[in-house]
Amino acid sequence: MIGADIGIDLGTASVIVYIKGRGIVLHEPSVVAIDKHTNSILAVGEDARKMLGRTPGNIIAIRPLREGVISDYDITERMLKYFIQKAVGRPFFLKPRIAVCVPSAVTEVERRAVEDATRQAGARKVFIIEEPIAAAIGAGIDIGRAMGTMVVDIGGGTTDVAIISLGGTVVSTSIKVAGDTFDDAIVRYMRRHHSMLIGERTAESIKVNIGTAFRTAQSITMDVRGRNLVSGLPRTITISSHEMLEALSEPVTSVVDAVVHVLERTPPELASDIADRGIFMTGGGSMLNGLDLLITEKTGIHTTIVDEALTCVAVGTGKYIEYVTSPRGIEMSNSKQKPKSKPKNIRGSKRLEME
C-alpha cells in the first residue's frame, strides 16, 4: 500500500474508515477493552463492545472519546493505530495521508490532540475537517458554490448544525446532545417510570426499534428485559413508542432548538437558499424515527435524511483530501488567508520625507 489517502470519522460511538479507491473498509464501535493489571489491550471495536457491562474486575471496556473529543489520549492513539492497520490490511511502504473530522465547536487544544494522536498512529500528513463540511462533501453537495447549504449532523456525542457556502462555514453551532444523550434519556425514563435498570446496549436497541421524535397514530411495542430496582430480580415488561416519544422529548427539543438558533443567525440571502433547497440531515442520530418530520414542522423547511447518512461523514472526510489538494481547493484556501503586511521602514520613510 503506497501512501493511500484515508478518511476517518472518529466518532464517540463508532469509527468509520474510508480509503480512496476502496470506499468504506471498516465500521466498528469506538470501544477498547483493557486489562488494568498489565495495561494491555485485550480487544478493540465490536469484540470490545460485547464486553460492555460484562467484564470481571480486572478488565474494563471503555470508550476513549466522549462528546466528540478525546478523553483518553493514549488509548485513542492505540485504537487508531489498530484500526488503520486493520483497514489497510497489509504494511504500507509510505505513510498515508489521513483526514479526520472533528465537531465544529472543538477547541484548538482538542483539535491538536486529534492531530497528534493521528500522526502518532502512523499518518504522514494530517488534515482536520469539521464534521458538517465532511457530511456535505460525502452527501455529494458542491460546497464550493456561492449558495447556502444547511447540514445537521447528529453523531454519538455531538450535534453539529452549520450553514455552508463557498467551501466554508458561515454560521454554526455544536451541542453535546446526540445519540448517546438519547440512550441516557431512555435509561432514566425506564428507571423513573418502570423502576427498572437497563444497560447501554439495551437502551440503544430500544432507540433503534421503537424510538421516535414525532407522534403517530399507530404505536409500536417492544419487550424489554432489565433488573427490577425494588426486588433486584430480572424482569420483562412491554413498552410502546408513545412512551419513547415522552422519554426522548427533552434531548430532541434541544436538537430542534439548535437548528432554529442557527437559522435565526443566517444572512437573508443564504436563508433564501435554504428555504428553496431544504435542510440535509446526516449521522446515525438523524435516523431516529420522525426527527426529520419534527424539524420540518418546527421550521417550515423541508428536511431530508441523505442517502448513507451513517457513513457519508467518513466518505466526505476521505474525499476532503482530494478537494483540499485540488487547484480549486488551494485557491479557496489561499483566498481565505489574510495577506501578511510587511513592516514599514519608519527610518527610511522619514529620510525620504526630508529629501
Side-chain angles (χ1 to χ4, degrees), residues 5-18 26-49 51-53 55 57-88 92 95-131 133-134 153 155-160 174-181 183-184 200 283-284 313-314 317-318 320-321:
D5 289 340
I6 299 176
I8 300 179
D9 180 4
L10 188 62
T12 304
S14 60
V15 174
I16 307 175
V17 179
Y18 169 94
L26 184 142
H27 184 181
E28 294 202 29
S30 49
V31 183
V32 181
I34 301 172
D35 188 328
K36 292 193 296 184
H37 295 164
T38 62
N39 197 32
S40 60
I41 293 180
L42 302 178
V44 182
E46 183 60 33
D47 293 336
R49 190 183 77 88
M51 298 181 184
L52 284 172
T55 57
N58 66 309
I59 299 174
I60 54 172
I62 63 171
R63 296 167 66 178
L65 293 109
R66 285 289 175 186
E67 298 177 337
V69 296
I70 294 176
S71 59
D72 191 315
Y73 179 88
D74 181 58
I75 299 302
T76 300
E77 179 191 323
R78 293 161 74 179
M79 180 182 72
L80 268 174
K81 186 175 294 184
Y82 171 86
F83 281 143
I84 292 171
Q85 291 175 351
K86 183 176 181 179
V88 171
F92 38 78
K95 290 183 177 182
R97 298 188 300 182
I98 299 179
V100 185
C101 60
V102 295
S104 56
V106 73
T107 66
E108 190 60 36
V109 174
E110 293 165 342
R111 182 186 292 263
R112 182 58 60 86
V114 172
E115 184 178 344
D116 290 345
T118 307
R119 187 171 283 108
Q120 290 297 323
R124 167 168 51 104
K125 189 172 183 180
V126 181
F127 299 89
I128 303 297
I129 175 175
E130 294 181 1
E131 288 178 0
I133 294 179
D153 179 59
T158 60
T159 293
D160 288 272
S174 180
I175 60 172
K176 294 179 179 180
V177 177
D180 287 349
T181 317
D183 296 342
D184 294 340
E200 180 181 318
V313 172
T317 304
Y320 175 76
I321 300 177

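All of these numbers come straight from a predicted model, not from anything done at the bench.
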Rounded to the nearest 0.5 Å, what separation is found between the [atom1] atom of [X] and the [atom2] atom of [Y]?
X: H37; Y: I59; atom1: NE2; atom2: CD1; result: 9.5 Å
X: D35; Y: I41; atom1: CG; atom2: CD1; result: 11.5 Å
X: D180; Y: L65; atom1: CG; atom2: CG; result: 11.0 Å
X: R119; Y: K125; atom1: CZ; atom2: NZ; result: 10.0 Å
X: D47; Y: L42; atom1: CG; atom2: CG; result: 11.0 Å
X: D116; Y: E77; atom1: CG; atom2: CD; result: 9.5 Å

[Y] backbone acceptor or donor facing [X] side chain under 3.5 Å:
X: E46; Y: E28; result: no
X: T159; Y: I175; result: no
X: S30; Y: T12; result: yes

Close side-chain approach of [X] and [Y], heavy atoms under 4.5 Å:
X: E115; Y: V102; answer: no
X: V106; Y: T158; answer: no
X: V88; Y: I6; answer: yes
X: K86; Y: V17; answer: no
X: D74; Y: R78; answer: yes
X: I16; Y: H27; answer: yes
X: I62; Y: I34; answer: yes

Requested in this report: Could you walk me through whether F83 and I8 pass side-chain contact (heavy atoms from CB on, under 4.5 Å), step by step?
Outcome: CA-CA 10 Å; F83 281 143; I8 300 179; over 6 Å; no
Which atom names give the shortest non-hydrogen contact between [X] and [Y], and what distance separates them?
X: A117; Y: I70; answer: CB-CD1, 4.2 Å
X: V31; Y: A48; answer: O-CB, 3.4 Å
X: M51; Y: A33; answer: SD-CB, 3.5 Å
X: A13; Y: G156; answer: CB-CA, 4.2 Å

**Report entry** K176, E131, R111 screened by side chain to side chain contact (heavy atoms under 4.5 Å, CB included) with P103, the one that passes
**Finding:** E131
**Report entry** Donor-acceptor pair between D160 and S104 side chains, under 3.5 angstrom
**Finding:** yes
Report task. Evaluate side-chain contact (heavy atoms from CB on, under 4.5 Å) for M79 paired with L10, printing each intermediate quantity in order. Result -> CA-CA 10 Å; M79 180 182 72; L10 188 62; 4.2 Å; yes
